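Step one of this worksheet: look at the structure below.
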Amino acid sequence: MIIELFCKEQLILVYFIQSILHKIIKMAYSLLRIRKVSPFRISRVLQADKASLWRFHLEPECAQFLRLGVFTRNYGKILGSSNYDFTGSEPSSSFDFTDLTCPHTWYPIARRKKRKVILHVGPTNSGKTYNALKQLERSSSGVYCGPLRLLAWEVAKRLNKANVPCDLITGQEKELVEGANHKSVTVEMADVTSVYDCAIIDEIQASLMVGCKQRGFSFTRALLGIAANELHLCGDPAVVPLVEDILKVTGDDVEVLTYERLSPLVPLKVPVRSVSDIKTGDCLVTFSRKDIYRHKNTIEKAGKHLCSVVYGSLPPETRTAQATRFNDATNDFDVLVASDAIGMGLNLNISRIIFSTLEKFDGTETRDLTVSEIKQIAGRAGRFRSQFPVGEVTCLHKEDLPLLHSSLKSPSPIIERAGLFPTYDLLSRYSQAHPKLGLYKILEHFVENAKLSSNYFISNVEDMMKAAALVDELPLKLQDKYLFVVSPVDINDEISGRGFAQFAQNYSKTRVVKLREILSDDTVKVPRTPTELKELESIHKVLDLYVWLSLRLEDSFPDREVAASQKSICNVLIEQFLEANRLISHIPFSSKKLRSRRKF
Ligand SMILES: Nc1ncnc2c1ncn2[C@@H]1O[C@H](COP(=O)(O)OP(=O)(O)OP(=O)(O)O)[C@@H](O)[C@H]1O
Ligand SMILES: [Mg+2]
């Protein structure tokens with residue numbers, strides 16, 4: 001009996017050793033094949049990618065998988081995933097393209113590196129971005145990925161000033177600097193096919209927040225896909241467990257650096273009761289455009305201060321000009337009235353944040369601000385080494401103070417899942433397997449059927465689907481439809497939506513979209529009423545969309561320069577208008593309560 005058992009164990013052992021040896025031989029064979037195939041093909045992909053900006057959108061990560069047949073097959077196995085085991089055969093309708101459980105396998109170039117990932121986490125104004133940027137400055141090549149064009153601009157300016165030549169690449173701009181090995185980009189433009197020494201993804205929590213359903217996947221793509229020796233992630237401590245978990249399967253080394261706030265932020269016990277309490281350096285935060293102008297009007301009427309304004313639908317150039325004017329202590333515009341557009345990473349000379357309300361309409365419903373939103377916005381006051389070293393924060397209404405105080409004391413809730421969305425390549429393979437389906441149906445199918453690991457949620461693509469429904473009507477290739485759908489159109493804005501539809505229609509008919517056919521000569525004029533101002537902002541969005549499309553379909557959108565100059569005219573008109581405060585006489589001051597009463 002004992003002998004029998006012994007023999008059985010020996011047999012099991014021999015079998016076990018045999019199977020391990022077999023696996024090692026297979027793996028070595030696979031590696032040899034990877035070496036043989038990848039360098040030539042990858043360099044072709046890289047060259048092609050540098051050729052034009054639109055490829056960032058149309059041919060990202062999975063394109064490599066699909067083209068590098070052998071490479072892909074083996075890579076999938078090495079990573080322990082058969083998810084993307086495309087063998088070069090035609091896509092079959094039985095293959096489950098909606099299986100998104102291993103998104104890290106979509107980025108073979110990053111997976112070939114053992115990245116050193118450094119998480120810089122801490123409260124606002126604690127030097128996270130500053131320290132990450134120091135590393136970027138020292139690196140031989142690198143990229144900064146920010147959530148806003150304003151941040152990308154700020155970083156490009158800063159690096160160039162520090163004699164580190166740096167390109168600026170956003171969806172709408174491509175400013176190349178001679179000899180630059182560094183880039184400052186908006187996160188959507190992060191290139192996952194280049195190799196860098198150092199990379200930064202800033203405000204990483206913005207991507208992972210459930211509130212940021214639409215843009216989250218760009219951050220996830222950057223997190224998994226950027227091929228850098230060192231990858232610096234800056235953000236709220238609430239992201240740490242999730243990021244660590246996501247990166248377990250990538251084989252990267254992860255280090256967490258925790259920061260403390262560099263200057264104090266004092267929550268005040270009393271609200272700001274009247275306009276006479278407003279002082280230099282104050283920033284009044286409110287969430288509707290109408291309220292922004294109403295408050296600006298009230299403050300300026302009192303005669304002591306002039307206000308700059310910053311809000312989301314203001315053209316980015318105007319936002320920068322307004323923020324710069326507020327930061328400049330030598331002029332009279334010493335108060336800021338802003339929406340949460342100031343909430344991410346910007347350095348403004350604010351001494352006190354005053355919340356006019358702690359509720360916000362988020363496109364679907366009016367809801368309370370989250371703890372992280374309150375902390376993020378409040379954190380703009382008292383920036384380190386600014387004119388106001390101690391920040392203060394309060395509200396307009398004393399009923400809001402308890403929520404403000406408790407939010408500032410609470411840690412932000414742990415972020416549990418990151419946004420994910422299928423790449424164009426997956427959608428395209430899916431479309432080949434289901435040729436009768438339009439893009440709308442394909443997107444709908446992915447949203448409804450996507451299989452995900454517990455670290456991810458499928459991003460909200462409601463707006464993309466609205467755009468898809470429009471382009472599905474037109475005789476366009478899937479590739480063109482996709483390009484229109486991922487464009488930065490504000491599909492819920494009437495004028496922008498109409499501009500978008502017109503661009504797509506003209507493109508499908510003649511392949512050439514002339515700006516003059518869309519905008520008549522007299523379209524751009526000085527606004528005189530709030531409605532006209534809003535119209536001008538929308539026209540700016542249409543022009544911005546034209547510039548975006550012209551960077552990707554150069555021959556079909558030939559009037560980029562005209563669009564850019566029209567955009568500048570819009571900016572000038574809006575800025576002049578804000579300076580002259582023409583709106584005052586048109587916006588009725590309402591004494592109605594600003595907010596619904598909150599009970600504690
Ligand atoms: N060591 C330092 N020396 C000089 N200035 C610094 C230093 N650290 C930070 N700063 C300055 O302090 C301000 C806040 O730093 P930074 O923008 O890096 O904070 P942050 O933690 O990224 O904040 P946020 O979460 O709001 O993005 C910036 O103006 C930055 O230039
Ligand atoms: Mg920062």
Side-chain angles (χ1 to χ4, degrees), residues 118-138 143-162 164 184-187 198-209 212 219 222 231-240 243 256-265 281 283 285 310 320 323-324 326-329 336 338-353 369-393 407-408 411-412 415:
I118 300 124
L119 266 152
H120 302 260
V121 295
T124 53
N125 194 17
S126 55
K128 304 180 294 289
T129 307
Y130 179 91
N131 284 293
L133 283 173
K134 282 276 161 218
Q135 295 303 319
L136 187 66
E137 278 175 24
R138 283 185 208 120
V143 61
Y144 167 89
C145 308
L148 304 170
R149 275 158 89 182
L150 299 192
L151 281 173
W153 290 352
E154 199 178 291
V155 168
K157 207 165 96 191
R158 179 189 154 147
L159 261 64
N160 283 310
K161 209 168 147 197
V164 180
S184 180
V185 308
T186 40
V187 69
C198 178
I200 300 176
I201 308 175
D202 205 1
E203 302 289 340
I204 184 98
Q205 79 285 342
S207 62
L208 307 171
M209 281 196 281
C212 188
F219 282 81
L231 176 61
H232 296 262
L233 310 174
C234 307
D236 194 289
V239 302
V240 174
V243 170
V256 181
L257 298 179
T258 307
Y259 292 71
E260 295 298 329
R261 202 178 149 91
L262 293 165
S263 54
L265 179 66
C283 171
V285 177
V310 172
T320 313
T324 311
F326 170 72
N327 275 347
D328 177 1
L336 187 64
S339 73
D340 48 350
I342 57 157
M344 269 189 283
L346 291 179
N347 285 304
L348 293 158
N349 273 336
I350 296 172
S351 78
R352 182 171 61 168
I353 288 280
L369 295 181
T370 63
V371 167
S372 12
E373 282 169 338
I374 291 175
K375 287 165 68 166
Q376 198 70 34
I377 298 168
R380 301 301 110 206
R383 299 294 279 184
F384 182 59
R385 301 230 165 133
S386 77
Q387 197 185 337
F388 303 104
V390 177
E392 294 175 331
V393 52
S407 302
L408 292 176
S412 305
I415 294 167

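First listed ligand is number 1; within each ligand, the first listed atom is number 1. Here, residue 1 is the first one in the sequence, and each next residue gets the next number. Note that the structure is a prediction, hence the values are computed from the model and not measured.
- At a 4.0 Å cut-off, not a single heavy atom of Cys234 sits close enough to ligand 1 to count as contact.
- Heavy atoms of His120 stay at 4.0 angstrom or farther from ligand 1.
- In this structure a side-chain-to-backbone donor-acceptor pair under 3.5 Å is present from Thr324 to Thr320.
- With atom 17 (O) of ligand 1 as the reference point, the heavy atom nearest to it among Lys128, Arg383, Arg385 is part of Arg383.
- Each of the following atoms of ligand 1 lies closer than 4.0 Å to a heavy atom of Ser126: 19 (O), 20 (P), 21 (O).
- For atom 22 (O) of ligand 1, the nearest non-hydrogen atom from the set Thr124, Thr129, Asp236 comes from Thr129.
- Residues forming a side-chain contact (heavy atoms from CB on, under 4.5 Å) with Leu262 (at least two apart in sequence, or on another chain): Phe384.
- Counting atoms of ligand 1 from 1 in the listed order, those under 4.0 Å from a heavy atom of Leu262 are 8 (N), 9 (C).
- Side-chain contact, Gln135 with Glu137: no donor N or O sits under 3.5 Å from an acceptor N or O.
- A side-chain contact (heavy atoms from CB on, under 4.5 Å) with Arg380 is found for exactly one of Ile353, Val393, Leu336, Asn125, namely Ile353.
- With sequence neighbours left out, the ring-ring contact (aromatic ring centres under 6.0 Å, His included) criterion links His120 to His232, Tyr259.
- Residue contacts to the Mg ion (ligand 2): Tyr130 brings no N, O or S atom closer than 2.8 Å.
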